[in-house]
Engineer: 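One structure follows; several queries about it will come next.
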Amino acid sequence: MATENKPKSSASVTTNSKKRKQRYLPHNKPVKKKGSYPLHPGVQGFFITCDGGRERQASREAINVIDSFYEELVFGKDTSVKLAELPNKPINKKIKFSYSDVEGDDDEEKEEDEEDGLDENISGAPEANDGKNENPADEKLGSPCLENENSECQREEKTNQEEGCKNDKKQEREAEELPAKKKCTETCAPKSVGQEKVEEKSIDKLIEDELKELGDKNKRHFLSLDCGCNGVVFVQMRKIDGDPCPKDIVQHMMTTAASTRKHMSRFILRVLPIEVACYASEEEISRAIAPIVEKYFPMDTQDPQKFAVMYEARANSGIDRMKIINSVAKCVPGPHKVDLSNPDKTIVVEIVKTMCLIGVIEKYKELSKYNLRQLTSTK
């Protein structure tokens with residue numbers, strides 16, 4: 001009875017209150033989703049295969065590579081053009097003013113050297129006079145050797161005196177020019193500082209705007225979506241009016257890789273353009289592929305094309321392969337024919353779980369099945 005009548009301790013009350021507070025979640029707060037958004041129908045972009053476990057690195061690398069080729073197509077930007085436009089001389093120049101400490105030291109050294117030269121000339125003159133006084137008999141005799149030596153000494157003295165006069169004139173001129181140069185630099189300095197501040201402000205604003213665009217996923221041009229499979233990445237392209245389609249970007253990427261043999265990526269294997277994404281069913285596929293067929297396989301053409309259907313499925317074994325291939329082939333009108341050995345265009349059908357990705361490519365076999373590693377590897 002004594003134990004029942006005992007009041008509860010304060011520690012137990014605080015622990016119970018803490019537990020109750022932890023049970024209730026905060027209301028009216030937006031849920032922040034971590035990671036990339038899942039793949040959904042109605043998107044277009046690029047289907048990329050990579051090494052297993054390297055999906056995140058491959059998606060980042062793919063966005064950078066695709067963005068560079070997109071800029072080349074739209075703006076005509078290329079690394080070789082940029083290098084050719086660079087100036088031959090370095091941009092950062094070391095400017096020395098006439099009143100700087102470095103040049104003052106050089107002028108002092110020059111003045112010391114000139115004073116030493118004058119002292120040597122003055123010391124050399126009495127020696128020559130001593131020589132003349134030592135041999136007065138020879139001078140009276142008028143020997144040709146002594147006459148030649150005296151004439152040479154006189155010439156040297158004249159040249160030294162002329163040089164000394166010239167140096168004195170130069171120093172006077174520099175002393176007159178110094179204040180004028182100081183005035184010019186003082187007037188020009190504040191203008192250049194103001195220009196640098198304006199440039200810095202404009203660059204900072206541009207960087208802030210770019211960071212805001214990168215932070216906001218709705219403003220990104222290329223965005224990675226989660227496919228839910230290992231070794232597969234999808235990069236969505238938000239196309240604006242006038243932008244090239246994914247097919248043109250991938251075609252430009254593969255042709256440049258085949259011509260240059262330049263290593264572009266570390267984790268990317270294949271890159272395929274995707275025009276439409278839909279759910280993996282016969283009805284949905286036949287609806288989604290209709291605008292693609294009108295674009296690439298028109299009925300009224302004088303040049304009928306040969307085509308083939310490339311089908312691959314991942315994490316989905318409930319769909320019959322031949323039914324999907326036959327439904328896609330039936331959607332193409334009559335003038336165009338099927339040719340599996342040498343097709344002009346290939347219709348890509350990639351099934352990932354419950355999603356179907358459809359696209360059209362050219363020269364599939366000639367470009368090593370759009371495999372970047374094979375195209376850039378040495379023969």
Side-chain angles (χ1 to χ4, degrees), residues 30-75 77 207 209-240 243-254 256-257 263-280 288 292 312-316 348-361 369-373 375-376:
V31 178
K32 293 183 179 179
K33 179 177 173 56
K34 294 183 180 179
S36 56
Y37 292 105
L39 183 62
H40 55 275
V43 297
Q44 63 178 349
F46 309 90
F47 182 75
I48 298 160
T49 59
C50 62
D51 298 328
R54 299 288 186 178
E55 290 82 10
R56 186 177 295 177
Q57 293 89 337
S59 63
R60 292 176 183 173
E61 192 176 45
I63 289 169
N64 293 330
V65 174
I66 292 165
D67 194 8
S68 64
F69 283 102
Y70 167 79
E71 287 181 354
E72 286 183 11
L73 284 175
V74 175
F75 305 107
K77 291 182 180 180
I207 291 168
D209 295 337
E210 287 181 2
L211 290 172
K212 286 179 182 177
E213 288 181 1
L214 292 172
D216 190 1
K217 291 184 178 180
N218 296 324
K219 293 183 180 179
R220 293 181 186 177
H221 204 72
F222 299 102
L223 182 68
S224 63
L225 301 179
D226 187 13
C227 296
C229 289
N230 292 330
V232 170
V233 174
F234 186 83
V235 177
Q236 180 187 359
M237 178 183 177
R238 288 175 178 167
K239 191 177 177 182
I240 307 169
D243 286 351
C245 61
K247 176 181 172 294
D248 297 335
I249 295 171
V250 175
Q251 189 74 23
H252 177 57
M253 185 191 302
M254 295 301 158
T256 52
H263 183 72
M264 296 180 186
S265 64
R266 183 181 174 187
F267 306 104
I268 299 171
L269 295 176
R270 285 200 308 169
V271 183
L272 298 174
I274 301 300
E275 300 285 340
V276 179
C278 63
Y279 288 109
I292 297 173
E312 285 184 2
R314 290 178 175 81
N316 191 338
V348 179
V349 179
E350 292 282 347
I351 292 174
V352 182
K353 285 192 173 182
T354 59
M355 297 300 300
C356 178
L357 309 174
I358 305 168
V360 178
I361 56 177
K369 297 182 179 180
Y370 281 51
N371 193 321
L372 279 176
R373 285 190 184 176
L375 283 172
T376 56

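Computed from heavy atoms alone, side chains included, the values below leave out hydrogens, waters and symmetry copies.
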Engineer: Whether the side chain of Glu55 engages the backbone of Gly231 through a donor-acceptor N/O pair (distance < 3.5 Å, no angle test) should be reported.
Structural biologist: yes
Engineer: Do Ile66 and Ile48 pass the side-chain contact (heavy atoms from CB on, under 4.5 Å) test, and can you show the C-alpha distance, the side-chain angles, and the key distance before you say yes or no?
Structural biologist: CA-CA 11 Å; Ile66 292 165; Ile48 298 160; 4.2 Å; yes
Engineer: So Leu357 and Leu39, do their side chains get closer than 4.5 Å, heavy atoms only?
Structural biologist: yes
Engineer: Side chains of Ile274 and Phe234: closer than 4.5 Å at any heavy-atom pair?
Structural biologist: yes
Engineer: Going by the rule salt bridge (Lys or Arg N to Asp or Glu O under 4.0 Å), which residues pair with Arg60 if we only count those two or more places apart in sequence or in a different chain?
Structural biologist: none
Engineer: Would you say Val276 and Ile292 make side-chain contact, with heavy atoms under 4.5 Å?
Structural biologist: yes
Engineer: Working to the nearest 0.5 Å, report the span between CD1 of Ile361 and CD of Glu275.
Structural biologist: 11.5 Å
Engineer: So, for Asn316 and Ile351, which heavy atoms are closest and what is the spacing to 0.1 Å?
Structural biologist: ND2-CG2, 3.8 Å
Engineer: Can you list the steps and then say if Met254 with Val271 is a side-chain contact (heavy atoms from CB on, under 4.5 Å)?
Structural biologist: CA-CA 9 Å; Met254 295 301 158; Val271 183; 3.9 Å; yes
Engineer: Taking atom CG of Asp67 and atom CZ of Phe222, what is their separation to the nearest 0.5 Å?
Structural biologist: 5.5 Å
Engineer: If I compare all heavy atoms of Pro41 with all of Cys278, which pair ends up nearest, and what's the gap?
Structural biologist: CB-CA, 3.9 Å
Engineer: Could you tell me the separation between the NE2 atom of His221 and the CD atom of Glu71, rounded to the nearest 0.5 Å?
Structural biologist: 9.5 Å
Engineer: Please work out whether the ring planes of Tyr70 and Phe75 are parallel, tilted or perpendicular, with thresholds of 30° and 60°.
Structural biologist: perpendicular
Engineer: Of all the heavy-atom pairs spanning Thr256 and Met253, show the shortest one and how long it is.
Structural biologist: OG1-O, 2.8 Å
Engineer: What's the separation between atom CZ in Phe46 and atom CD1 in Ile63, rounded to the nearest 0.5 Å?
Structural biologist: 10.5 Å
Engineer: Mind listing the closest non-hydrogen atom pair of Val65 and Met264 along with its distance?
Structural biologist: CG2-O, 4.0 Å
Engineer: Keeping Arg238 on the side-chain end and Gln44 on the backbone end, is there a donor-acceptor pair under 3.5 Å?
Structural biologist: no
Engineer: Which atoms form the tightest heavy-atom contact between Pro246 and Met237, and what is the distance?
Structural biologist: CG-SD, 4.0 Å
Engineer: Would you say Val348 and Phe47 make side-chain contact, with heavy atoms under 4.5 Å?
Structural biologist: no
Engineer: Any chance you could measure Asp226, atom CG, to Ser59, atom OG, to the nearest 0.5 Å?
Structural biologist: 10.0 Å
Engineer: To the nearest 0.5 Å, what is the distance between CZ (Arg266) and CD (Gln57)?
Structural biologist: 8.5 Å
Engineer: Can you tell me if Glu61 uses its side chain to pair, donor with acceptor, with the backbone of Phe267 under 3.5 Å?
Structural biologist: yes
Engineer: Show the nearest heavy-atom pair for residues Leu269 and Asn371, with the distance to one decimal.
Structural biologist: O-OD1, 3.0 Å
Engineer: Please determine whether a side-chain nitrogen of the Lys or Arg among Glu312 and Arg270 lies less than 4.0 Å from a carboxylate oxygen of the Asp or Glu.
Structural biologist: yes
